[in-house]
Amino acid sequence: MTSSYGFQGRAAVVTGATRGIGRAVAAQLAAAGALVCVTARDGDDVRRTAEELGGIGLAGGVADPDHPARVTELVLREFGRFDVLVNNAATNQPYGPLMDADPDLWRTAFTVNVEAPLRLVQQAWRGWMCEHGGSVVNVCTEGAEHVGPHVGAYGTSKAALLHLTRQLAGELAPKVRVNSVSPGLVRTEMARFVWEPAETVIAAGLPLGRIGEPEDVARAVLWLASDAAEWVTGADLLVDGGTRVRPAHAAPVGRGEPGDRPRTPRG
Ligand SMILES: NC(=O)c1ccc[n+]([C@@H]2O[C@H](COP(=O)([O-])OP(=O)(O)OC[C@H]3O[C@@H](n4cnc5c(N)ncnc54)[C@H](OP(=O)(O)O)[C@@H]3O)[C@@H](O)[C@H]2O)c1
């Protein structure tokens, strides 16, 4: 099906692509014929993933000041073009009520989840997309619509990313389309503290009867990034197993308790 998506020979950057949703996106893009560049902080993981997918990689945090310029220079040098940008890397720190939020961690949430995607779009626009066009997909979250007791900074930053998506869609049309996906609970490391202790209960409360897999979200990202969505911009696509339409009495999703946090949280 993705052969009709028009990715053959196009160059794509996926941030945070060594595991979880980002890796699934990069793998599906590579399988659809795209030239793929993956990024993440762990250099060994980046090298391994790039090799496995037959692409290239850049180690570094998306919020590193020189990261957007470095990744843009790399793809233009190696691939000669920069057609697709998937802003997937994110942090879910600080965890806990906002009244106790550490100011540095709060700033980090916005730097990683909002500012870095913007700076990457700016570089992609200046380096390639302004002249040749392109497509951007930002990975938000279904949870940005809700008030969560422990993920206020994450949710607030993702709500900002949602609006950034619409703002950029307006600014960059018609050359560049900018859309987002909002996943529900997906089986990844970032969300392990939510799904691992209660998967059966959570799945039973979802209309589609299971939590998400990274590939579920990746398929939606690919569609939005592709020519098949050529008349779609500024849209947010929910990929949540029906979280929003579950009966009101069903178990809530994504409400982890503080004690459920992994000992060494990532992101
Ligand atoms: N899983 C869910 O239930 C869920 C639900 C809604 C939305 N999302 C969103 O989906 C996206 C992907 O999350 P995931 O669940 O797939 O996470 P994950 O499995 O923990 O993977 C995160 C990836 O991003 C990289 N990464 C983390 N921080 C980074 C940074 N500052 N700079 C560059 N790379 C970074 C990680 O590698 P390194 O650690 O080596 O950097 C890894 O490759 C995020 O935007 C998240 O907010 C997830």
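Positions are given from 1 along the sequence. Order of listing sets the numbers, starting from 1, for every ligand and every atom in it.
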Review point. Hey, what do you get for CZ (R177) to CG (L168), rounding to the nearest 0.5 Å?
Key: 14.0 Å
Check your understanding: Can you tell which of T91, V112, N113, T108 makes a side chain to side chain contact (heavy atoms under 4.5 Å, CB included) with S157?
Key -> N113
Check your understanding: Does even one non-hydrogen atom of G212 get within less than 4.0 Å of ligand 1?
Key -> no
Point to revise | Value rounded to 0.5 Å, distance of CG in D66 from CZ in R119 | key: 8.5 Å
**Study point:** OG1-CG distance between T141 and L161, expressed to the nearest 0.5 angstrom
**Key:** 10.5 Å
Exercise for review: Consider ligand 1: state whether an atom of it lies below 4.0 angstrom from any non-hydrogen atom of A63.
Suggested key: no
Review point. Which ligand 1 atoms, with their elements, are less than 4.0 angstrom from a heavy-atom of A17?
Key: 43 (O)
Study note, to complete from the structure: Near G20 (heavy-atom distance under 4.0 Å), the atoms of ligand 1 are 16 (O), 19 (O)
Review point. So is N88 in contact with ligand 1, going by heavy-atom distances below 4.0 Å?
Key: yes
Practice item. Decide, yes or no, whether a salt bridge links D227 with R10 under the criterion of side-chain N to carboxylate O below 4.0 Å. Key: yes
Point to revise | Sub-4.0 Å atoms of ligand 1 with respect to non-hydrogen atoms of V139 | key: 9 (C), 10 (O), 11 (C), 45 (O)
Revision key, fill the gap. So CG of L74 and CG of L58: to nearest 0.5 Å the spacing works out to 6.0 Å
Check your understanding: Which atoms of ligand 1 are found less than 4.0 Å from any heavy atom of A90?
Key -> 27 (C), 28 (N), 44 (C), 45 (O), 47 (O)
Revision key, fill the gap. Taking every heavy atom of A30 against every heavy atom of L53, the minimum-distance pair comes out as CB-O, 3.8 Å
Check your understanding: Counting heavy atoms only, which part of Y154 comes closer than 4.0 Å to ligand 1: side chain, backbone, both or neither?
Key -> side chain
Check your understanding: Taking atom OG1 of T111 and atom CG of L105, what is their separation to the nearest 0.5 Å?
Key -> 10.5 Å
Exercise for review: Return a yes/no value for G22: is any of its N or O atoms, backbone included, closer than 3.5 angstrom to an N or O of ligand 1?
Suggested key: no
Review point. Which ligand 1 atoms are under 4.0 Å away from a heavy-atom of G61?
Key: 32 (N), 33 (C)
Point to revise | Candidate with minimal heavy-atom separation from atom 35 (C) of ligand 1, of A89, A116, G143, A24 | key: A89
Revision key, fill the gap. Under 4.0 Å from one or more heavy atoms of E189, ligand 1 contributes atoms 19 (O), 20 (O)
Practice item. Could you establish whether C140 and ligand 1 come within less than 4.0 Å of each other, counting only heavy atoms on the residue side? Key: yes
Exercise for review: Return a yes/no value for L185: is any of its N or O atoms, backbone included, closer than 3.5 angstrom to an N or O of ligand 1?
Suggested key: no
Point to revise | Straight-line distance of Q123 CD to M129 CE, nearest 0.5 Å | key: 12.0 Å
Exercise for review: Compare all side-chain heavy atoms of V151 with those of N92 and state whether any distance is below 4.5 angstrom.
Suggested key: no
Exercise for review: Please could you name the atoms of ligand 1 that D42 approaches to less than 4.0 Å, counting only its heavy atoms?
Suggested key: 40 (O)
Check your understanding: Is the closest heavy-atom distance from K158 to ligand 1 below 4.0 Å?
Key -> yes
Practice item. Show which atoms of ligand 1 fall inside a sub-4.0 Å distance from at least one heavy-atom site of G60. Key: 33 (C)
Review point. In this structure, which one of V137, V86, V178 forms a side chain to side chain contact (heavy atoms under 4.5 Å, CB included) with L224?
Key: V137
**Study point:** salt bridge (charged side-chain N to carboxylate O under 4.0 Å, His left out) between E189 and R192, intermediate numbers included
**Key:** CA-CA 5 Å; E189 277 308 304; R192 180 180 289 279; 2.7 Å; yes
Check your understanding: Can you find a non-hydrogen atom of G184 under 4.0 Å from ligand 1?
Key -> yes
Exercise for review: Work out whether the distance between some heavy atom of T39 and some atom of ligand 1 is less than 4.0 Å.
Suggested key: no
Exercise for review: Give me the ring orientation class for H132 and W128: parallel if the planes are under 30° apart, tilted from 30 to 60°, perpendicular past 60°.
Suggested key: parallel
Check your understanding: Taking both backbone and side-chain atoms of A191, is any N or O found less than 3.5 Å from an N or O belonging to ligand 1?
Key -> no
Check your understanding: Under 4.0 Å from ligand 1, counting heavy atoms only, is it the side chain of S182, its backbone, both or neither?
Key -> neither
